[in-house]
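Here is the structure we will look at, set down as structure tokens.
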Protein chains: 2
Amino acid sequence: MTTPKTETIAVRISRILAERIIAGGMQAGMRLAQDHIAEEFGTSHVPVREAFRRLEAQGLVVSEPRRGVRVAGFTMAEVKEVAEMRAALEVLALRHAAPHLTRSILDQAEEANRAGDKAGDVQSWEEANRAFHRLLLAPCGMPRLLKSIDDLHAASARFLFSGWRAEWEAPTDRDHLAILSALRAGDIETAAAVLARHVQWVGQPPRTKPVRQPLPRSA
Amino acid sequence: MTTPKTETIAVRISRILAERIIAGGMQAGMRLAQDHIAEEFGTSHVPVREAFRRLEAQGLVVSEPRRGVRVAGFTMAEVKEVAEMRAALEVLALRHAAPHLTRSILDQAEEANRAGDKAGDVQSWEEANRAFHRLLLAPCGMPRLLKSIDDLHAASARFLFSGWRAEWEAPTDRDHLAILSALRAGDIETAAAVLARHVQWVGQPPRTKPVRQPLPRSA
DNA sequence: ATAGGATAAATTATCTATAATTTTATGAGG
DNA sequence: CCTCATAAAATTATAGATAATTTATCCTAT
């Protein structure tokens, strides 16, 4: 993992805290005391405050003036909201990306899917899953949209980790394959529809019992 | 205009700069020097930096580590991107809001539309237009989605102001009325379709000549 | 027991100073 | 003229101090 040489302290703190929050190392509602974080990182509290502003922008923390910062909570409603937003935005991105998807990109995406299948833990799996989505969507060339999707994806990962930590399994990802097939066949509508359904799966209660049909297992 | 008593300096600076950027008082690409802004507001530069982080989150400025902050530019591609994202997200919000739209809300929205018709300048008009959209979408009860839409709306307002400043006219807003009619008739699909088309209008080149059919005039 | 007020402690927000980095200006050489 | 090196100036990022606000604790009265 290479850290850009120009990374400021504030950016570094923000990155590390984001990772920690997403991985579940910080409980929803937990207070983030700027002085304590500063002490942990061996810095002044001022870049910590700047890091907080960044985390807030990502939706990972909530703050009130003069009352501090807490790790953002999530309710089932929020999980569902994020899923819905992802479905809307990822479909939009896919539609714009589709004309630019090369065989090479699709092959890489397939490779990422394979990596997800082989993943030994939920973090590796999520990483492969994110790579898959990014590979397919990045060619849309819409930076603001991609940034929004990234933030939503981080939120999803957080939900996923918190819901799946105890019941992790590494399944074959049928939806990913279906999306790839459709894209290879030039059938963007099908790809978009499968993607939307697949992404919205994360809005399902995390502990839903498997139903009789194969549930999509990645978001 | 009441300013919350608890508004911090950083929030205030952020708000004022955002308003200034949106209104076109700061050109795209313009450098925002933290010390100069601090001097203008009579504060230290530290809350200015925090304000910058907030503005960045809103997409109104861009920053590079150690190289400062500039007012975000916009290309036609970005204008179009914002329009597309708005269409996707506002339609999503409207679908979720629709079951909660009361007659009172629809009446207020109609009143906002009327205010827009009477607006004497583009700022008043945009304010009424924003109120219209907010009234219809807020009942979706999805805070993250509404925040995203707000940021996109601010970006749209900025584009609008920069494109319309010299050719402002106060037209009747047929799309707003069509949306209201459809909603009153319980026809959510039509409302959503009109909304999407209407919102995407902002992706049109701002100086497009009026065509033979009435162009939607609000976004 | 509870409620209210006072005080202390903790925390947040901003200020000032300093260090680090980038940008600009200047001069020398080809 | 251009290029390069150096110095100076400007700017950004952070540290440590200070001021303001909130929270916690203690005491008194009912």
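Chain letters run A, B, ... following the sequence lines, proteins first and then strands; every chain starts at 1.
An OP1 or OP2 oxygen of dA15(D) is reached within less than 4.0 angstrom by a side-chain nitrogen or oxygen of Ser44(A). For the pair Arg67(B) and dT23(C), the criterion of a side-chain N or O lying under 4.0 Å from OP1 or OP2 is met. In this model, the phosphate group of dT11(D) is not approached by any side-chain N or O of Arg66(B) to a distance below 4.0 Å at OP1 or OP2.
Taking the six-membered ring where tryptophan is involved, the planes of His176(B) and His133(B) are perpendicular, since the angle between them exceeds 60° and thus also 30°.
Distances from the side chain of Pro47(B) to the nucleotides dA13(C), dC15(C), dT11(C) place dC15(C) closest. Distance from the side chain of Gln34(A) is smallest to dT12(C) among dT14(D), dT12(C), dT12(D). Which of dC15(C), dT14(C), dT12(D) sits closest to the side chain of Ala10(B) comes down to dT14(C).
The residues Lys118(A) and Glu127(A) are annotated as not salt-bridged, no charged nitrogen and carboxylate oxygen being separated by less than 4.0 angstrom.
The 5' end of DNA chain D is approached more closely, in terms of each residue's nearest nucleotide, by Val11(A) than by the other of Val11(A) and Arg31(A).
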*Show the numbers, then the answer: is there a salt bridge (charged side-chain N to carboxylate O under 4.0 Å, His left out) between Arg53(A) and Glu56(B)?*
CA-CA 10 Å; Arg53(A) 301 289 79 80; Glu56(B) 195 175 7; over 6 Å; no
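Side-chain to base pairing of His45(B) with dT11(D): no donor and acceptor N or O lie closer than 3.5 Å to each other.
If you take CG of Asp35(A) and C1' of dA13(C), they are 11 Å apart, rounded to a whole angstrom. Summarising the geometry, the separation between CD on Glu64(B) and C1' on dT23(C) is reported as 13 Å, rounded to the nearest angstrom. When the P atom of dT12(D) is taken as reference, atom CD1 of Ile9(A) falls 17 Å away, rounded to whole Å. Following rounding to the nearest Å, Arg53(B) (CZ) and dT14(C) (P) show an atom-to-atom distance of 15 Å. With rounding to whole Å, Phe41(A) atom CZ is found 17 Å from dA15(D) atom C1'. Atom CD in Glu7(A) sits about 16 Å away from atom C1' in dT12(D), given to the nearest Å. Here dT12(D) presents its C1' atom at 14 Å from CZ of Arg70(B), a figure rounded to the nearest Å. His36(B) places its NE2 atom 15 Å from the P atom of dT23(C), with the value rounded to the nearest Å.
In summary, the side chains of Thr8(A) and Arg66(B) do not present any donor paired with an acceptor at a separation below 3.5 Å, with no hydrogens or angles considered.
Panel note: side chain Ser124(A), backbone Gly120(A); no donor-acceptor pair is recorded below 3.5 Å.
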